[in-house]
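The structure appears right after this line, and notes come after that.
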Amino acid sequence: MNFERNILITGGAGFIGNHVIRLFVNKYPSYRIINLDALTYAGNLENLRDVEEKPNYVFEKANILDIKDLERIFNEYKIDAVIHLAAESHVDRSILSPLDFVYTNIIGTVNLLNTAKKYWKDLSGKLFYHISTDEVFGSLGEKGFFTETTAYAPNSPYSASKASSDHFVRAYGETFHIPVIISNCSNNYGPYHFPEKLIPLFINNIMHKKPLPVYGDGKYTRDWLYVKDHARAIDTIFHKGKISETYNIGGFNEWQNIELVKLLCTMMDEKLGNAPGTSENLITYVKDRPGHDKRYAIDATKISKELGWKPSVTFEEGLSETIDWYLENQQWLNHVTSGEYQHYYEQQYQNR
Ligand code: NAD
Ligand code: TYD
C-alpha cells in the first residue's frame with residue numbers, strides 16, 4: 001500500500017506519545033505512522049492496544065542512541081516527517097541521574113537530526129518537528145508569561161537537556177536547512193500518565209490511602225493542559241505551523257500545587273464516596289526539590305491567533321475524566337508500578 005506520508009513518531013509508547021499516535025492513526029488513514037520507542041520504564045505498549053491492529057500503524061522497538069536502527073528505519077519506511085517526543089521526562093530522575101538525560105535528550109536528538117540530514121536529500125515536503133517543554137525558560141516571578149521570545153534559562157538537568165536539544169534542532173535548521181519546528185508546552189495531565197508525576201502519583205496514593213508528598217511549602221505554580229489538547233495542538237502545528245518557527249502551547253490554567261492537590265482530594269473523595277476531608281489528611285509536606293522552579297505560565301496567544309488552536313476542555317472537566325480513567329484502569333497502574341519504578345518509589349518517597 002502506498003501512503004501519502006510516512007511519519008516517524010518517537011516516544012509513542014509514552015504518556016503524550018500514545019495520544020499523538022492515536023490521534024494521527026485514526027484521523028489520517030492515508031498516513032503511515034511509525035512508532036519508534038525503546039520501551040523504557042515510561043513506555044508501555046499497553047497504552048496502544050486499540051491502535052496496534054490498524055493497517056497504517058507500525059511499531060519499531062528501537063533506541064534513539066542506536067544510529068544503525070535509526071538509519072534502517074528511515075530507509076525501510078521512507079520517512080518524510082519526524083515528530084520527536086522520545087525523552088527522559090522526569091525532573092526528579094534528572095536530579096538523581098543527569099547523564100541519562102544527556103544521552104537520550106541531547107545525543108538521541110542529534111542522532112535523529114543526523115539521520116534526517118543523511119536521508120533527506122530532497123528537503124521539500126520534509127519536516128522535523130521537535131516536542132519540547134516550557135521548562136527551558138526557567139522560572140517566572142509572580143507576574144508575566146513565557147512567550148516564544150523569552151530567553152532560555154533552564155534550572156534542572158531535565159530542562160537543561162531539553163534546552164540543549166531545542167538549540168540543536170534550531171541549529172540544524174539554520175546550518176543544514178532541515179525544515180524544523182519546535183513547540184514548548186506547559187505541564188500535561190491525563191490518562192496514561194506515569195505515576196511518578198504530581199497528578200497521577202497523587203491519584204494513585206489517594207486510591208491506596210498513602211501519604212501525598214507535597215514539596216516545600218506547596219506554593220509552586222504550574223500551568224496545566226489536558227494531554228488530548230496537547231495532541232490536538234501537535235496536529236495543528238504539524239499541518240499549519242511555519243518552518244523555523246517555535247510555538248508555545250498552554251491553557252492559561254495556573255494552579256499552585258497545594259490548591260491543585262486540595263481540588264484533587266475533594267474530587268476524589270466525592271468519587272470514592274469518602275467523608276469530606278478524608279484525602280486532605282494524607283497531605284504531607286516533605287523536603288523541597290533542589291532548584292525547584294517557582295512558577296511556569298505560558299502565553300499561548302501565537303498558536304491561538306496564527307493557527308486557531310485553543311484548549312477544548314476546562315481543567316475541572318479534564319481532571320474529572322482523568323480521575324475516572326485511573327479509577328477504571330487500576331490494572332494499568334498496578335502493572336506500570338510493578339517494575340523498576342517500584343524501586344525508585346521506595347528510594348524517593350517511602351524513606352521520607
Ligand atoms: P514519557 O516519559 O511518558 O515518555 C517518553 C517515551 O520515550 C517513553 O515511551 C520511552 O520509552 C521513550 N524513550 C525514552 N528514552 C528513549 C530512547 N533513548 N529511545 C527511544 N525511546 C525512548 O514522556 P512524556 O511526558 O510523554 O513526554 C514526551 C515529550 O514531551 C518529551 O520530549 C517531553 O520533554 C515533552 N513534554 C512533556 C510534558 C509533560 O508535561 N509530560 C510537557 C511538555 C513537553
Ligand atoms: P511534576 O509533575 O514532577 O512536573 P514538573 O516538575 O515537570 O513541573 O511536578 C509538578 C509540581 O509538583 C512541581 O512543582 C513539583 C511538585 N511535586 C510535589 O510537590 N510532590 C511530588 O511528589 C511531585 C512528583 C511533584
Side-chain angles (χ1 to χ4, degrees), residues 9-21 35-45 47-48 60-66 69-70 83-95 100-101 103-105 107-109 111-112 130-136 139 156 158-159 161-162 165-166 183-190 192-202 205 211-225 227 230-231 234 248-250 255-258 260-261 283-289 291-296 298 336 345 348-349 352:
I9 300 187
T10 69
F15 165 49
I16 300 171
N18 82 81
H19 292 280
V20 177
I21 296 260
N35 174 13
L36 182 163
D37 200 297
L39 301 181
T40 68
Y41 79 96
N44 188 344
L45 289 180
N47 301 357
L48 286 162
E60 281 280 353
K61 184 173 187 304
N63 195 312
I64 53 172
L65 293 172
D66 188 336
D69 261 351
L70 296 184
I83 305 178
H84 177 37
L85 293 112
E88 287 293 340
S89 67
H90 189 38
V91 173
D92 291 329
R93 282 179 188 261
S94 80
I95 295 166
D100 291 341
F101 288 70
Y103 287 126
T104 286
N105 297 1
I107 299 174
T109 300
N111 282 343
L112 265 175
H130 179 60
I131 308 301
S132 192
T133 167
D134 62 352
E135 302 190 24
V136 297
S139 188
S156 73
Y158 164 65
S159 53
S161 69
K162 291 297 292 187
S165 65
D166 291 10
S183 58
N184 298 85
C185 188
S186 63
N187 287 61
N188 285 211
Y189 68 96
Y192 300 106
H193 204 182
F194 195 84
E196 63 184 351
K197 309 276 168 66
L198 180 74
I199 290 181
L201 175 73
F202 280 31
N205 285 12
L212 306 176
V214 172
Y215 296 165
D217 62 4
K219 292 188 176 153
Y220 293 87
T221 299
R222 297 291 181 266
D223 181 356
W224 295 92
L225 182 70
V227 65
H230 188 191
I234 289 173
N248 280 0
I249 309 170
W255 285 80
Q256 259 191 6
N257 291 343
I258 190 64
L260 187 162
V261 169
I283 293 175
T284 314
Y285 289 92
V286 298
K287 196 163 157 267
D288 211 348
R289 172 189 278 173
H292 198 168
D293 285 333
K294 189 74 187 165
R295 175 172 167 257
Y296 303 145
I298 281 274
V336 301
Y345 183 88
Q348 285 294 293
Y349 306 116
R352 280 181 204 265

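All ligand and atom numbering here is 1-based and tracks the order in the structure. These values consider heavy atoms only, across backbone and side chains, with no hydrogens, waters or symmetry-generated copies.
- Taking each of His193, His292, Lys197 in turn, the one with a heavy atom nearest to atom 14 (O) of ligand 2 proves to be His292.
- In the candidate list Phe194, Tyr215, Tyr296, Tyr220, Tyr215 is nearest to atom 23 (C) of ligand 2, counting heavy atoms.
- Using a non-hydrogen distance threshold of 4.0 Å, Gly12 does not register as a contact of ligand 1.
- At a heavy-atom cutoff of 4.0 Å, ligand 1 is contacted by no atom of Tyr192, backbone or side chain.
- Heavy-atom contacts of Gly43 reach the following atoms of ligand 1: 8 (C), 9 (O), 11 (O) (cutoff under 4.0 Å).
- What sits closest to atom 1 (P) of ligand 1 on the protein, heavy atoms only, is Ser89 OG, 3.5 Å.
- Of all the atoms in ligand 1, the ones that sit under 4.0 Å from a non-hydrogen atom of Thr104 are 15 (N), 16 (C), 18 (N).
- With hydrogens left out, the protein atom closest to atom 18 (N) of ligand 1 is Asn63 OD1, 2.8 Å, a heavy atom.
- Contact annotation: for His84 versus ligand 1, there are no heavy atoms closer than 4.0 Å.
- For atom 24 (C) of ligand 2, the choice among Arg93, Glu196, Arg222, Glu135 with the nearest heavy atom turns out to be Glu196.
- Regarding atom 26 (O) of ligand 1, its nearest protein heavy-atom neighbour is Ile16 N, 2.8 Å.
- Compare Thr221, Asp92, Leu198 by their heavy atoms: the one nearest to atom 1 (P) of ligand 2 is in Leu198.
- Tyr158 OH, 3.5 Å is the protein heavy atom nearest to atom 33 (C) of ligand 1.
- Residue contacts with ligand 1, taken as heavy atom pairs separated by less than 4.0 Å, do not involve Leu65 at all.
- Counted by atom type alone, Arg222 and Tyr189 present zero donor-acceptor pairs between their side chains at under 3.5 Å.
- Distance from atom 4 (O) of ligand 1 to its nearest protein heavy atom, with residue and atom name: Gly14 CA, 3.4 Å.
- Taking all heavy atoms of Asn188, Ile199, Leu85, Ile249 into account, the minimum distance to atom 40 (O) of ligand 1 is reached by Asn188.
- Listed by atom number, the atoms of ligand 1 under 4.0 Å from Ile131 heavy atoms are 30 (O), 32 (O).
- Protein heavy atom in closest approach to atom 9 (O) of ligand 1: Asp37 OD2, 2.6 Å.
- Using a non-hydrogen distance threshold of 4.0 Å, Ala13 registers as a contact of ligand 1.
- Counted by atom type alone, Tyr220 and Asp288 present one or more donor-acceptor pairs between their side chains at under 3.5 Å.
- His84 pairs in a side chain to side chain contact (heavy atoms under 4.5 Å, CB included) with only one of the listed residues (Ile131, Leu36, Ile64, Ile9), which is Ile64.
- Residue Tyr41 places every heavy atom at 4.0 Å or more from ligand 1.
- For ligand 1 and Lys162, the ligand atoms under 4.0 Å from any heavy atom of the residue are 31 (C), 32 (O), 33 (C), 34 (O).
- Applying the 4.0 Å criterion to heavy atoms of Asn187 picks out, from ligand 1, the atoms 40 (O).
- By heavy-atom distance, the residue among Pro200, Ser94, Pro213 lying nearest atom 22 (O) of ligand 2 is Pro213.
- With atom 44 (C) of ligand 1 as the reference point, the heavy atom nearest to it among Ser186, Ser132, Cys185 is part of Ser132.
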